[in-house]
Number of protein chains: 4
Amino acid sequence: MARPKSEEKRLHLLEAAAQAVAERGVGAPTALVATMAGVAEGTLFRYFPTKEALLNEMYLYISEQGWSSVDTSFDPSLSLIERARRIWDAHIDWALAHPVWNRAVTQLSVTDILTAETRAAEMAMFPDVHMLELVQASDVTAGHPSRYADALFIAVANTTIDFAMREPGRITEYKDSGFLAIRRMFFD
Amino acid sequence: MARPKSEEKRLHLLEAAAQAVAERGVGAPTALVATMAGVAEGTLFRYFPTKEALLNEMYLYISEQGWSSVDTSFDPSLSLIERARRIWDAHIDWALAHPVWNRAVTQLSVTDILTAETRAAEMAMFPDVHMLELVQASDVTAGHPSRYADALFIAVANTTIDFAMREPGRITEYKDSGFLAIRRMFFD
Amino acid sequence: MARPKSEEKRLHLLEAAAQAVAERGVGAPTALVATMAGVAEGTLFRYFPTKEALLNEMYLYISEQGWSSVDTSFDPSLSLIERARRIWDAHIDWALAHPVWNRAVTQLSVTDILTAETRAAEMAMFPDVHMLELVQASDVTAGHPSRYADALFIAVANTTIDFAMREPGRITEYKDSGFLAIRRMFFD
Amino acid sequence: MARPKSEEKRLHLLEAAAQAVAERGVGAPTALVATMAGVAEGTLFRYFPTKEALLNEMYLYISEQGWSSVDTSFDPSLSLIERARRIWDAHIDWALAHPVWNRAVTQLSVTDILTAETRAAEMAMFPDVHMLELVQASDVTAGHPSRYADALFIAVANTTIDFAMREPGRITEYKDSGFLAIRRMFFD
DNA sequence: CATGAATGAGTATTCATTCAT
DNA sequence: TATGAATGAATACTCATTCAT
């Protein structure tokens, strides 16, 4: 069966793509991605049929990484608000620990490169962390699709991350303030 | 830089750039922009030295348009919360009325194309609508730069716009819910 | 060159090459040929050192197939003109029955891929069917190399095949008319 | 109106394309064509949208050149057979004088690159030289489309050209013999 | 011996920018 | 001043061939 296709190279390509997009936007050359991944230009296209496919898979890969850190902090015995805080902390912490990935995801998400399938797959990836169940009583999101609550949560989180990254000495303050905003919106 | 002759052409180019970026992302060709503006390829570069300059100016132009509609609705005799609501409504309405411009701005803002000068100029453009004065008492934004309040406001607004655009029949509901979120965050 | 193991695979590769060239021209990828032959990409190069070698051998293989059907219909007891007609029929029938091979040969023959050796080998392949002996008395080909008569025969045949393929309902008419042309040229 | 697009460059590109295809087949790089034409790589694509378009136009251009030399020798006062001979001579002479163009046309015509429009345009290009009128009485082509007569004529001519090119000292003999074949086929 | 992963030179096409008209 | 022809570096993707398994 000759050499098997290396899962390691696949991951290197995915991570190189994230790095490249973070640094140069979605216009980052595939040649740069390949170089960063330590493989030949042509090799990239044996792992991903097109650049678009690469970027979609990269997006999913990163989302997976990000939300898996949230999942592990999930604990059903906690109160709703405590669970929301856990999710909040995990998300912010992860983003701050991986600024490059955060940036890559931000760049991609405003583009038309992401397919409907990718966006759907992302949603399906973390069913348990949907805000909906946490905030079902909130009149802010009453009557709206559950994704609206998620999106508000993420929007506030991303804004908070943005500011925290620029003032690393005040991360805690931003995290607290941001969550206070969430709490007021949904739980008070 | 001697002013080029036709201010009209300049505006056409700016608007064409917005349209082009909205449709094709920041990679939209300058030739396309020129065509959309009804001028020749080379003419674009008599008005803007580079593509980056064009996009920066376009960003500012659109922001100006957007916030000018807010300015006109500014009325110092109203209560803080009523003024916030006016700003909210004006912003959402403008964005929904100009989806193309909204999209162009969104695309650009995640890019490195926007210079620090542009971002600063944008801030300076609407000093009177800063949320800060409205929410100075809020413990959510206490101790943070005034831009944090602005950014949270805009983040919630953009999320709301996003959903409202996809469900045009429920625009009013989204506007109300979104503002409820703002009100809770900052005023309750 | 040690003979590779499977003669069957070799033939599969040859036929796959013909199919591929017929469908995609001489630029058809070796990977496609391999896939069509049911072997791995690399395997092709264990049977043929280069793509050019493969195409040359393929050309010869097909010519061989084609002319072998003529040989079998060769009957020395017939008159010259009857023998010519047999050859004509066999050639046309074979081409119409194998349009793919016919097309592959046509594509290859205008290319520089075919070596002088290949062209010589093709000639040597069917000494007995040379037109020359049939038409030695013809003043059309008098004084010219025997290949000229062959080439005229084949040119008229290929033209006839071309038209017959496009009008399958009138194959008989084209065969008759084409041979009438041959007969007039050489025998009348 | 700036510089007008140079008709001269267009012709250089067309002729360079013919040369390149003659030398390297239809796979000849567009970069080579541009270099041979003395223009930059990008310039080629301002004159022709794609390589395919270039090759189609080149085919038509060459056909036009070739048949125009035939047209000029057209003289209605001559007998049918004399007119056929004129056409024959003009065609053979032109091909021998322009071996490169002849080769380019041969390469292209077996390919799928030529569109139906191109083939139709070629036909329309020389209505007056159709063999049909010359040979309407011939029982070889009776009942067949007029293109069959043309095709037979061209097939015999090309074969003759082929041999004449390889034996330049015997051009006259080949021309005479070839036309004898034509005459027998159609006129005797 | 067969496989298919890896390679990197090669390909058509795009595009920001310049400059002759 | 406006035009659009000209440019050539850059880009995504292909493919014949090699070689580790």
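Labels below follow one simple rule: chain letters A, B, ... track the order of the sequence lines, proteins then strands, and each chain is numbered from 1.
- When the salt bridge (Lys or Arg N to Asp or Glu O under 4.0 Å) test is applied to A:R103, the partners found at least two apart in sequence or on another chain are B:D112.
- Judged by the 6.0 Å distance and 45° axis criteria, C:K9 is not positioned over the aromatic ring of C:Y47.
- Legend: residues meeting side-chain hydrogen bond (donor to acceptor under 3.5 Å, both in side chains) with A:N102, ordered by chain and number and at least two apart, are absent.
- Following rounding to the nearest Å, B:F48 (CZ) and F:dT1 (P) show an atom-to-atom distance of 15 Å.
- The phosphate of F:dT1 has neither OP1 nor OP2 within less than 4.0 Å of any side-chain N or O from B:Y47.
- In this structure the side chain of B:L13 reaches within 4.5 angstrom of the side chain of B:V33, judged on heavy atoms.
- Residues passing the salt bridge (Lys or Arg N to Asp or Glu O under 4.0 Å) test with B:E41, sequence neighbours excluded: D:R46.
- Among residues two or more places apart in sequence or in another chain, the side-chain hydrogen bond (donor to acceptor under 3.5 Å, both in side chains) test is passed with B:Y61 by B:E15.
- Residues meeting the side-chain hydrogen bond (donor to acceptor under 3.5 Å, both in side chains) test with D:E23, sequence neighbours left out: D:Q19.
- In this structure, A:I113 places its CD1 atom 13 Å from C1' of F:dA12, rounding to the nearest Å.
- Taking atom CG of residue C:L13 and atom P of nucleotide F:dA16, one finds them 14 Å apart after rounding to whole Å.
- Counting only Watson-Crick and G-U wobble pairs whose two key distances fall under 3.5 Å, DNA chain F forms stems of three or more stacked pairs at E:2-21 with F:2-21.
- Between the C1' atom of F:dC13 and the CG atom of A:L32 lies a distance of 16 Å, rounded to the nearest Å.
- Atom P of nucleotide E:dA5 and atom CZ of A:R10 are separated by 14 Å, given to the nearest angstrom.
- Between the CD atom of D:E8 and the P atom of F:dA5 there is a distance of 16 Å, rounded to whole Å.
- Atom CG of B:L55 and atom P of E:dT17 are 10 Å apart (whole Å).
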Open item on the list: For nucleotides 7-13 of chain E, give me one character per nucleotide, 5' to 3': B if any protein heavy atom sits under 4.0 Å from the base, S if the only such contacts are to the sugar-phosphate, - if neither.
Closed with: BB--SSB

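- A:R24 is linked by a side-chain hydrogen bond (donor to acceptor under 3.5 Å, both in side chains) to nothing, counting only residues two or more places apart in sequence or in another chain.
- For C:E117, the side-chain contact (heavy atoms from CB on, under 4.5 Å) partners at least two apart in sequence or on another chain are C:T115.
- Put simply, NE2 on B:H12 is 13 Å from P on F:dT3, counting in whole angstrom units.
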